[in-house]
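Everything below concerns the one structure shown next.
These values consider heavy atoms only, across backbone and side chains, with no hydrogens, waters or symmetry-generated copies.
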Amino acid sequence: MFNLVHFLLFVLHHLLQAQALTLPQDISALKAFKSSIKQSSIPSWSCLASWDFSDDPCAVPHRTRFICGVSCSPDATRITQITLDPIGYSGQLTPLISQLSQLTTLDLSDNYFFGRIPSSISSLRNLQTLTLTSNSFSGSIPDSVTALKSLETLDLSHNALSGKLPKSLNSLTSLKRLDLSYNKLTGFLPKLPFNLLELALKANSLSGYVSKSTFDGLTRLEVVELSDNSFSGTLGAWFFLLPSLQQVDLANNSFTHVEISKPAGGNSDLVAVNLGFNKIEGNLPANFADYPMLSSLSLRYNRLRGAIPLGYSKKKSLRRLFLDGNFLIGTPPAEFFAGDTEVTGSLGDNCLRGCPANSQLCSPRQKSYAICKRAYSGKPRS
């Protein structure tokens with residue numbers, strides 16, 4: 001009996017110890033994190049409201065305290081994740097977040113955090129996911145973020161960030177997904193991380209050329225979204241030859257020319273291309289017809305001339321085609337209007353002749369003869 005009592009006391013002692021294992025610096029960092037958020041923005045039923053430090057954050061089970069928003073390491077000694085519920089917390093991100101040196105995920109998305117992203121975030125060397133999307137962060141993206149060598153996802157979209165992109169962005173060697181869309185970023189594109197799979201920089205004020213050196217070595221890149229910026233100049237043939245490219249959206253920029261080569265060996269994963277609402281001149285790029293999986297192509301509202309390449313109508317994979325708002329001439333290929341065609345989109349607002357009025361593809365109606373005549377300095381040729 002005596003030995004059994006001692007054994008039970010021993011077990012109880014260790015159980016009590018196990019309930020308070022979180023490293024003190026992690027606890028103080030969590031306290032600072034919560035105190036930097038306005039109390040009035042913390043509903044009583046929210047994750048943050050359950051952060052009651054009379055209990056240890058990593059104590060289990062979480063019955064009434066720390067029920068959500070925070071996760072711990074298997075040995076219950078370190079905080080590894082902060083993932084807040086999106087209910088409108090308002091406050092600033094404390095620089096003391098840097099004390100959580102084992103943090104792998106920081107997700108504050110869909111709230112009302114404001115102010116600058118602290119440069120001390122560079123101390124989170126184990127961070128793999130940083131998601132601050134849909135808040136009100138302002139100021140520039142700290143250069144120190146490029147010290148996060150384990151980072152795989154960086155999403156700062158839908159904020160009020162300004163200034164230029166960090167020059168050493170390519171030092172994020174583990175980065176696979178980068179989304180900085182819907183901010184106020186300016187300047188040129190720096191060299192990008194070579195392991196990148198998805199790039200989204202939509203709706204900023206970025207400018208300059210899209211240069212080959214920026215994308216050099218990006219053999220895994222699948223998605224590029226640069227729409228609604230001020231990129232200009234020529235988009236070189238090298239771009240669409242990136243070996244893993246699948247989706248491209250460069251609409252609403254100021255590109256003036258685009259060069260399209262046939263894919264190497266006839267192989268390409270390219271599925272969707274949007275180059276609409278630019279200032280692209282010249283003829284329609286015939287070589288788009290040689291991309292075997294291309295199903296959606298938009299070159300609408302540019303300054304393109306000449307006839308529609310016959311290869312476009314022969315392409316079986318093509319399902320969506322928007323060429324409206326240019327100065328295309330001649331008669332559109334009859335295959336577009338065959339009874340079994342599955343192509344949708346628009347060839348309207350051009351200088352085409354013989355586009356069947358009863359076809360949805362021919363809407364809106366073609367430009368007036370006077371406009372077309374001026375565009376071609378005389379009678380448009382078929």
Any sub-3.5 Å donor-acceptor pair from [X]'s side-chain atoms to [Y]'s backbone N or O?
X: Gln366; Y: Leu352; result: yes
X: Asp155; Y: Thr133; result: no
X: Thr146; Y: Asp143; result: yes
X: Ser50; Y: Ile67; result: yes
X: Ser122; Y: Ala147; result: no
X: Asp56; Y: Cys58; result: yes
X: Asp110; Y: Ser134; result: no
X: Ser36; Y: Gln92; result: yes
X: Asn111; Y: Ser109; result: yes
X: Ser244; Y: Thr219; result: yes

Legend entry - Asp85 versus Tyr89, side-chain donor and acceptor atoms under 3.5 Å: yes
Inset, instruction - Determine, step by step, whether Phe240 and Phe288 satisfy the ring-ring contact (aromatic ring centres under 6.0 Å, His included) criterion, reporting the C-alpha distance in whole Å, the side-chain angles of both residues, the deciding distance to 0.1 Å, and the verdict. - result: CA-CA 10 Å; Phe240 289 101; Phe288 268 134; 5.5 Å; yes
Legend entry - Ring-face cation contact, Phe327 with Lys367, 6.0 Å cut, 45° max: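 That pair qualifies as a cation-pi contact.
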When rounded to the nearest 0.5 angstrom, what is the spacing between [atom1] in [X] and [atom2] in [Y]?
X: Lys279; Y: His257; atom1: NZ; atom2: NE2; result: 13.0 Å
X: Leu180; Y: Leu154; atom1: CG; atom2: CG; result: 5.5 Å
X: Cys355; Y: Leu347; atom1: SG; atom2: CG; result: 5.0 Å
X: Ser120; Y: Leu96; atom1: OG; atom2: CG; result: 7.5 Å
X: Asn204; Y: Leu185; atom1: CG; atom2: CG; result: 4.0 Å
X: Lys202; Y: His158; atom1: NZ; atom2: NE2; result: 7.0 Å

Legend entry - Hydrophobic cluster (4.5 angstrom, side-chain heavy atoms) - remaining members for Phe277: Tyr301
Legend entry - Lys314 and Glu335: CA distance, side-chain angles, deciding distance, salt bridge (charged side-chain N to carboxylate O under 4.0 Å, His left out) verdict: CA-CA 7 Å; Lys314 304 287 187 184; Glu335 288 85 351; 2.9 Å; yes
Decide if atom [atom1] of [X] counts as having more than 12 heavy atoms of other residues, nucleotides or ligands within a radius under 6.0 Å.
X: Arg319; atom1: CZ; value: yes
X: Lys262; atom1: NZ; value: no
X: Tyr209; atom1: OH; value: no

Legend entry - ring-ring contact (aromatic ring centres under 6.0 Å, His included) evaluation trace for Phe239 with Phe215: CA-CA 8 Å; Phe239 182 81; Phe215 289 81; 5.7 Å; yes
Assign the ring pair [X] / [Y] to parallel, tilted or perpendicular, where the plane angle (0 to 90°) is split at 30° and 60°.
X: Phe113; Y: Phe137; result: parallel
X: Phe66; Y: Phe53; result: perpendicular
X: Phe231; Y: Phe255; result: parallel

Legend entry - Candidates Leu206, Asp228, Asn183, Asp179 - the one meeting side chain to side chain contact (heavy atoms under 4.5 Å, CB included) with Leu201: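 Testing Leu201 for a side chain to side chain contact (heavy atoms under 4.5 Å, CB included) against Leu206, Asp228, Asn183, Asp179 leaves exactly one candidate, Leu206.
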